[in-house]
Number of protein chains: 2
Amino acid sequence: MEFPEQVEPTLRQFRYFIAAANAGQISQAAIDINVSQSAITNAIKSLEEMIGSALFERHANGVSLTYEGNLFLDHARHVVASVEEAIRLPRRIREDVRGSLNLAVSYTVAGYFIPTHLARFSRAFPNVKVNMVESDRGPIEEGLITGGFDLAVMLTSNIANHEELSHETLLRSRRRLWLSANHRFLQQPSASLQEISAEPYIMLTVDEASNTAQRYWKKTPYRPNTIFRTSSVEAVRSMVAIGMGVAILSDMVYRPWSLEGRRVEVMPVSEPVPTMDVGFAWSIGTELNEAAKAFVEFLHLAMGVDQH
Amino acid sequence: MEFPEQVEPTLRQFRYFIAAANAGQISQAAIDINVSQSAITNAIKSLEEMIGSALFERHANGVSLTYEGNLFLDHARHVVASVEEAIRLPRRIREDVRGSLNLAVSYTVAGYFIPTHLARFSRAFPNVKVNMVESDRGPIEEGLITGGFDLAVMLTSNIANHEELSHETLLRSRRRLWLSANHRFLQQPSASLQEISAEPYIMLTVDEASNTAQRYWKKTPYRPNTIFRTSSVEAVRSMVAIGMGVAILSDMVYRPWSLEGRRVEVMPVSEPVPTMDVGFAWSIGTELNEAAKAFVEFLHLAMGVDQH
DNA sequence: GATATCTATCTGAAAAACAGATAAATGGTA
DNA sequence: TACCATTTATCTGTTTTTCAGATAGATATC
């Protein structure tokens with residue numbers, strides 16, 4: 001016996017076995033599935049060795065299943081069907097889920113988080129119409145409560161109304177110091193808030209970023225030396241890149257290159273700076289509709305929420 | 001891209017994918033399952049091409065499942081579990097079925113049909129105690145009706161009491177002419193009953209074989225030239241082998257060699273000769289107990305009753 | 001006995017899978 | 001910035017596996 005002492009079956013062996021069981025003849029099965037007779041004979045032989053009992057009785061005019069072979073056939077069919085499903089289902093279009101989703105998103109989420117996920121979601125759930133509205137925290141919270149929005153994806157750490165809104169964090173993005181490629185700080189492992197306070201600072205105003213900034217500056221005697229306030233992340237990036245100032249922003253919106261092609265570097269802040277938390281928010285009282293549930297589940301899976 | 005444009009996944013790819021999903025890192029998964037990192041990388045890449053979407057997002061410190069990857073993981077685990085079950089279950093000991101089976105069998109069944117099946121059945125159902133009794137048709141039918149036997153495996157074509165007994169045929173075994181290796185008939189394609197009637201005939205008496213024989217001899221003007229009557233198939237075989245006579249018996253009891261090592265040949269009879277039908281018999285009124293049902297199902301599968 | 005048809009086995013060739021080496025990208029650290 | 005550690009991706013040569021075709025053996029049919 002020259003056989004490699006197989007321990008694990010292969011799918012091919014299952015298919016060959018099923019073909020033989022269907023045909024009642026190994027040679028006919030070989031014709032059916034367009035392989036050689038010896039290939040099927042060997043596949044079955046291997047399976048029988050693995051299982052430890054004969055699957056077929058061999059006759060002069062074909063083969064017939066033994067008791068064990070009959071049991072195995074059921075399992076084999078199940079296995080092949082499961083494989084079929086596994087390959088087919090992940091890209092299955094979930095046409096069963098219908099309806100519309102009124103989704104509110106905040107600025108950074110709209111630009112840096114939602115797009116890729118929303119694209120995939122729409123491919124997977126083509127019958128869900130997503131009406132996405134970008135807005136500020138206040139109007140979003142109000143819309144969720146009044147029912148104007150089904151669901152929001154926003155910065156969860158900023159949420160004010162905890163009586164009427166639930167939230168769930170999907171992603172925590174670290175905040176670090178952005179600076180130009182030739183900044184002297186880059187020779188240090190990190191920069192302290194004290195050091196940063198001496199630098200010209202570019203303040204991003206969207207998503208209440210300045211409010212958030214206050215939270216960690218307030219714990220120190222220092223304040224940022226804000227020379228410019230903008231609602232554009234691209235503006236921040238460009239200004240940082242050409243050396244006009246530094247900024248503390250989340251990794252989620254970080255890109256190494258500015259629009260002009262200049263490099264933006266990044267480094268940790270010595271003091272603990274809160275992460276930027278992105279997640280869902282919804283009204284406590286009302287149940288999510290089918291489309292919203294699908295979207296929540298979709299992002300759960302994409303973010304690996306259940307992974308731990 | 002040097003890849004062979006795979007269409008069907010392999011089980012190995014499923015296993016590698018699961019390992020990577022569990023570990024969160026391809027390289028760690030490679031260590032876990034003791035293969036090279038490139039093997040897993042390639043397996044995942046192939047799967048992604050087959051499915052048509054990414055299963056993982058690649059990061060600098062590992063991989064994380066995409067939405068599609070999460071869905072696929074469920075399927076993959078199911079597939080591997082099903083394979084596991086398929087390989088393990090056919091030899092699973094059915095300890096759940098308990099009880100005793102009072103089984104009656106007729107002579108030829110006891111010697112040439114039951115043993116191999118009963119051995120396998122007992123391995124599969126160790127908690128079923130089979131009390132097997134060999135008897136003649138009359139006492140078997142009586143025992144089935146009075147409840148002394150739960151079930152019988154016998155020659156169904158011989159059953160007399162059709163009012164109180166049900167039966168089901170499992171196997172039809174062709175009857176052919178047995179003769180010695182140098183018999184002149186062997187130069188013909190077949191032998192007619194007329195020709196056979198001129199030969200010395202060895203009559204087997206068990207299982208009412210002589211009654212059965214009468215059924216087809218009666219349709220002709222000829223009668224077998226019986227020179228010896230015996231209840232031993234071995235005796236028939238030996239006597240045929242040394243050329244003392246011929247016999248018409250079923251393939252089920254045919255063996256090419258006699259006890260003395262002489263060859264017994266076999267050839268068809270020209271006229272239609274009824275097959276020997278082996279099957280179950282049981283009392284119409286009573287329901288089979290669990291052990292009996294298991295035995296019936298076992299033989300159904302072994303004989304491929306549901307195959308057609 | 002000849003023929004046809006079945007499964008089992010053998011052999012050389014083709015295909016696939018793999019390990020190992022290396023590249024490319026990124027994070028952490030000094 | 002540089003350097004190191006660690007990640008995934010890719011490439012290469014080798015090993016392993018799979019396979020088709022040929023052949024043998026067994027059995028049914030004619």
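All values below were derived from every heavy atom in this structure, side-chain atoms included, with hydrogens, water molecules and symmetry-related copies excluded. Below, chains carry the letters A, B, ... as their sequence lines are ordered, and counting in each starts from 1.
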Nearest whole angstrom, please: distance from the [atom2] of [N] to the [atom1] of [X].
X: B/Ile33; N: C/dC18; atom1: CD1; atom2: P; result: 9 Å
X: B/Asp32; N: D/dT7; atom1: CG; atom2: P; result: 12 Å
X: A/Glu49; N: C/dT9; atom1: CD; atom2: C1'; result: 13 Å
X: B/Gln28; N: D/dT8; atom1: CD; atom2: C1'; result: 14 Å
X: A/Ile44; N: D/dC19; atom1: CD1; atom2: P; result: 13 Å
X: B/Arg12; N: D/dT15; atom1: CZ; atom2: C1'; result: 12 Å
X: B/Asp251; N: D/dA26; atom1: CG; atom2: P; result: 18 Å
X: A/Glu57; N: D/dT27; atom1: CD; atom2: P; result: 14 Å

With sequence neighbours excluded, tell me which residues meet ring pair (Phe, Tyr, Trp, His ring centres under 6.0 Å) with [X].
X: B/Tyr201; answer: none
X: A/Phe17; answer: A/Phe56, A/Phe72
X: A/Tyr16; answer: none

- Upstream residue (5' side of DNA chain D) when A/Gln13 and B/Val266 are each assigned their closest nucleotide: A/Gln13
- Results of side chain to side chain contact (heavy atoms under 4.5 Å, CB included) for B/Asp251 - residues two or more places apart only: B/Ser173, B/Arg174, B/Arg176
- Item | Any residue meeting side chain to side chain contact (heavy atoms under 4.5 Å, CB included) with B/Ser53, in chain and number order, not counting sequence neighbours | B/Ile51, B/Glu68
- Note on the structure: In B/S/- notation (B base, S sugar-phosphate only, - none; protein heavy atoms under 4.0 Å), nucleotides 19-30 of chain C written 5' to 3' is BB-----SSS--
- Message: Salt bridge or not between A/Arg15 and B/Glu8? Use side-chain N to carboxylate O under 4.0 Å.
- Response: yes
- Does OP1 or OP2 of D/dT7 have a side-chain N or O of B/Ser27 closer than 4.0 Å? yes
- Task: Output yes when at least one side-chain N/O atom of A/Lys45 is less than 4.0 Å from OP1 or OP2 of C/dT9, else no.
- Result: yes
- Query: Do the side chain of A/His183 and the main chain of A/Phe185 share a donor and acceptor less than 3.5 angstrom apart?
  - Reply: yes
